[in-house]
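I have placed the structure first, in the form of structure tokens, so that the comments after it can refer back to it.
Atoms within each ligand, like the ligands themselves, are counted from 1 in listed order.
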Amino acid sequence: MSTAKLNGQIALVTGGDSGIGKGVALALAEAGAKVVVNYAHHAEAAEEVVKHITDAGGEAFSCKADVSQEAQVQAMFKEVFKQYGTIDILVNNAGLQKDAKFVDMTLDEWNTVIGINLTGQFLCAREAAKEFIRRGVDDTRSRAAGKIICMSSVHEVIPWGGHVNYASSKGGIMMLMKSMAQELAPHKIRVVAIGPGAIQTPINKEAWETPEALNKLLTLIPYNRIGQPEDIGKLAAWLASDDADYITGTTIFSDGGMTLYPGFADNG
Ligand code: NAD
């Protein structure tokens, strides 16, 4: 385990048991953070991530909570404070898709996606911000009082037919992130978002599991490869570190160029 940039800091990663969240949890631990691996359903998967970290000499524990439920989020933060005393880094990563044609989309499909992807980020960020403000800056830990990293998507800017609930949640995350960043900056709290492109995880399996699907996907990615959870993990570890201390209120895209309108590459 390196003694690097996040040494001794406490990080909570929501949905840390799978895909991007797992990649982020491992990267933060590698950078020296103690990591709380939140999960909603899969305790064993979360325990595997914890074991991976502790086997490498790091510290971690898993914590169950549905991020869309206020009482569960508050109980999770209580547990974090009980075990680790405070928090330095929140990675608001949990999210899901419930796809449907717009006219067929049920209110339940809409509410579930907004509830987890957007309201879940609000609920977790609010609890983290309260603790950052209570503790203030401790410069033995970091130049900032706390860091909030919101997992957005290229779909905070690219409209997505058949997925209007998901794209709306990500557009909402962008403004949630920016407005929090503006309000919380005087407290020395940094708030940023990551906009992943196509990252190979269970959420988009049908887009990469056959060679045909993958080739079709690659036409949308100028850099011509699908992203991996480590790509996002390394970015999150850097954004959480003091190397990124002057960055707040913006989204960093990690998308192999997906947001470059690749359809216009040969004159449109
Ligand atoms: P994934 O399905 O592997 O992981 C999603 C995680 O969210 C899982 O750990 C799941 O348990 C958790 N989760 C779902 N509902 C929850 C709830 N109510 N409470 C707590 N946790 C819950 O997918 P992923 O690709 O790793 O997605 C992670 C994040 O990255 C999501 O916010 C997703 O929108 C975003 N994202 C992914 C991609 C991609 O290409 N994979 C691209 C852009 C953005």
Side-chain angles (χ1 to χ4, degrees), residues 12-27 35-50 62-77 90-99 109 111-125 149-158 160 163 165-174 176-177 193-209 213-214 217-218 220-221 225-233 235-236 251-256 258-259:
L12 167 63
V13 182
T14 66
D17 60 311
S18 175
I20 291 176
K22 180 176 175 180
V24 169
L26 297 179
V35 181
V36 184
V37 179
N38 159 257
Y39 67 98
H41 306 293
H42 304 292
E44 287 132 59
E47 273 313 305
E48 237 174 71
V49 178
V50 167
S62 65
C63 191
K64 182 175 164 78
D66 176 339
V67 296
S68 68
Q69 302 302 313
E70 186 175 35
Q72 292 186 38
V73 168
Q74 288 174 335
M76 172 169 67
F77 274 82
L90 167 68
V91 183
N92 258 335
N93 165 78
L96 82 179
Q97 292 178 213
K98 294 261 178 221
D99 308 331
E109 286 164 339
N111 281 339
T112 300
V113 170
I114 298 295
I116 293 170
N117 294 16
L118 183 57
T119 307
Q121 294 214 7
F122 156 68
L123 290 171
C124 293
I149 299 176
C150 301
M151 206 54 70
S152 183
S153 164
V154 290
H155 295 296
E156 74 168 48
V157 292
I158 302 178
W160 204 15
H163 311 255
N165 48 0
Y166 183 85
S168 302
S169 74
K170 296 300 182 180
I173 286 168
M174 177 188 55
L176 171 67
M177 175 275 293
I194 294 176
I199 310 298
Q200 193 165 15
T201 75
I203 210 174
N204 54 6
K205 195 160 174 239
E206 72 296 338
W208 51 261
E209 67 184 340
L214 181 61
L217 178 65
L218 289 176
L220 299 174
I221 308 172
R225 77 165 169 88
I226 189 166
Q228 297 301 323
E230 309 82 91
D231 290 311
I232 306 303
L235 174 57
T251 299
I252 309 286
F253 290 98
S254 177
D255 67 353
M258 196 178 239
T259 41

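- Residues Met76 and Cys124 have side chains in contact (heavy-atom distance under 4.5 Å, counting atoms from C-beta outward).
- Of all atoms in ligand 1, listed by their number and element, those nearer than 4.0 Å to a heavy atom of Gly19 are 3 (O), 26 (O).
- Nearest protein neighbour of atom 27 (O) of ligand 1, counting heavy atoms only, is Ile203 CD1, 4.0 Å.
- Scanning all protein heavy atoms for the shortest distance to atom 26 (O) of ligand 1 gives Ile20 N, 2.8 Å.
- A 4.5 Å side-chain heavy-atom check between Val37 and Val13 finds every atom pair outside the cut-off.
- Remark: ligand 1 atoms within the under-4.0 Å shell around heavy atoms of Asp66 are 17 (C), 18 (N), 19 (N).
- Which of Thr201, Val24, Ile194 comes nearest to atom 25 (O) of ligand 1 through a heavy atom is settled by distance: it is Thr201.
- Residue-level proximity to ligand 1 for Lys170 is carried by the side chain, the only part with a heavy atom below 4.0 angstrom.
- When side chains are defined from C-beta on, Asn92 counts as touching Cys150, because their heavy atoms get closer than 4.5 Å.
- Protein heavy atom closest to atom 14 (C) of ligand 1, with residue, atom name and distance, is Gly95 O, 3.8 Å.
- Selection from Gly15, Gly115, Gly195 by nearest heavy atom to atom 12 (C) of ligand 1 gives Gly15.
- At least one side-chain heavy atom of Arg225 sits under 4.5 Å from a side-chain heavy atom of Asp231.
- Residue Ile116 holds its CD1 atom at 10.5 Å from OG1 of Thr14, rounded to the nearest 0.5 Å.
- Among all protein heavy atoms, the one lying closest to atom 34 (O) of ligand 1 is Tyr166 OH, 2.6 Å.
- The protein heavy atom nearest to atom 40 (O) of ligand 1 is Ile199 N, 2.8 Å.
- Within ligand 1, counting atoms from 1 as listed, the ones closer than 4.0 Å to a heavy atom of Pro202 are 3 (O).
- Of the candidates Asn93, Val73, Val154, it is Asn93 that places a heavy atom closest to atom 28 (C) of ligand 1.
- Not a single heavy atom of His41 sits under 4.0 Å from any atom of ligand 1.
- Of the protein's non-hydrogen atoms, Asp17 OD1, 2.6 Å is the one closest to atom 9 (O) of ligand 1.
- With distances taken over non-hydrogen atoms, the option nearest atom 38 (C) of ligand 1 out of Ala198, Ala45, Gly197 is Gly197.
- Counting the atoms of ligand 1 from 1 in the order shown, those under 4.0 Å from a heavy atom of Met151 are 29 (C), 30 (O), 35 (C).
- For the pair Asn38 and Ala65, the tightest heavy-atom approach, listed with the atom from each and the gap, is ND2-O, 3.1 Å.
- Annotation: side chain of Ile158 is in contact with side chain of Thr259 (closest heavy-atom distance under 4.5 Å).
- Listed by number with element, the atoms of ligand 1 under 4.0 angstrom from any heavy atom of Ala40 are 16 (C), 17 (C), 19 (N), 20 (C), 21 (N), 22 (C).
- With ligand atoms numbered from 1 in the order given, ligand 1 contributes 19 (N), 20 (C) to contacts under 4.0 Å with heavy atoms of Ala65.
- Classified by interplanar angle (parallel below 30°, tilted 30° to 60°, perpendicular above 60°), the ring pair Trp160/His155 is parallel.
- Pro229 has its side chain within reach of Ile199: a pair of non-hydrogen atoms, C-beta onward, lies under 4.5 Å apart.
- Closest to atom 19 (N) of ligand 1, if we only count protein heavy atoms, is Val67 N, 3.0 Å.
- Ligand 1 places these atoms under 4.0 Å from at least one heavy atom of Asn204: 39 (C), 40 (O), 41 (N).
- Within the structure, ligand 1 lacks Leu96 among the residues with a heavy atom less than 4.0 angstrom away.
- The backbone N or O of Ala213 sits nowhere less than 3.5 Å from a side-chain atom of Glu206 that would complete a donor-acceptor pair.
- The closest donor-acceptor contact from the side chain of Asn165 to the backbone of Glu109 lies under 3.5 Å.
- More than 12 heavy-atom neighbours from other residues, nucleotides or ligands sit within 6.0 angstrom of NZ on Lys170.
- Contact check for Phe253 versus Val157: side-chain heavy atoms found under the 4.5 Å cut-off.
- The nearest non-hydrogen atom to atom 44 (C) of ligand 1, considering only Ser152, Ser68, Ser18, comes from Ser152.
- Side-chain contact between Ile221 and Asp255 is absent, with no heavy-atom pair separated by less than 4.5 Å.
- For atom 13 (N) of ligand 1, the closest non-hydrogen atom of the protein is Ala94 CB, 3.9 Å.
- If you look at Asn38 next to ligand 1, the close heavy atoms, those under 4.0 Å, all belong to the side chain.
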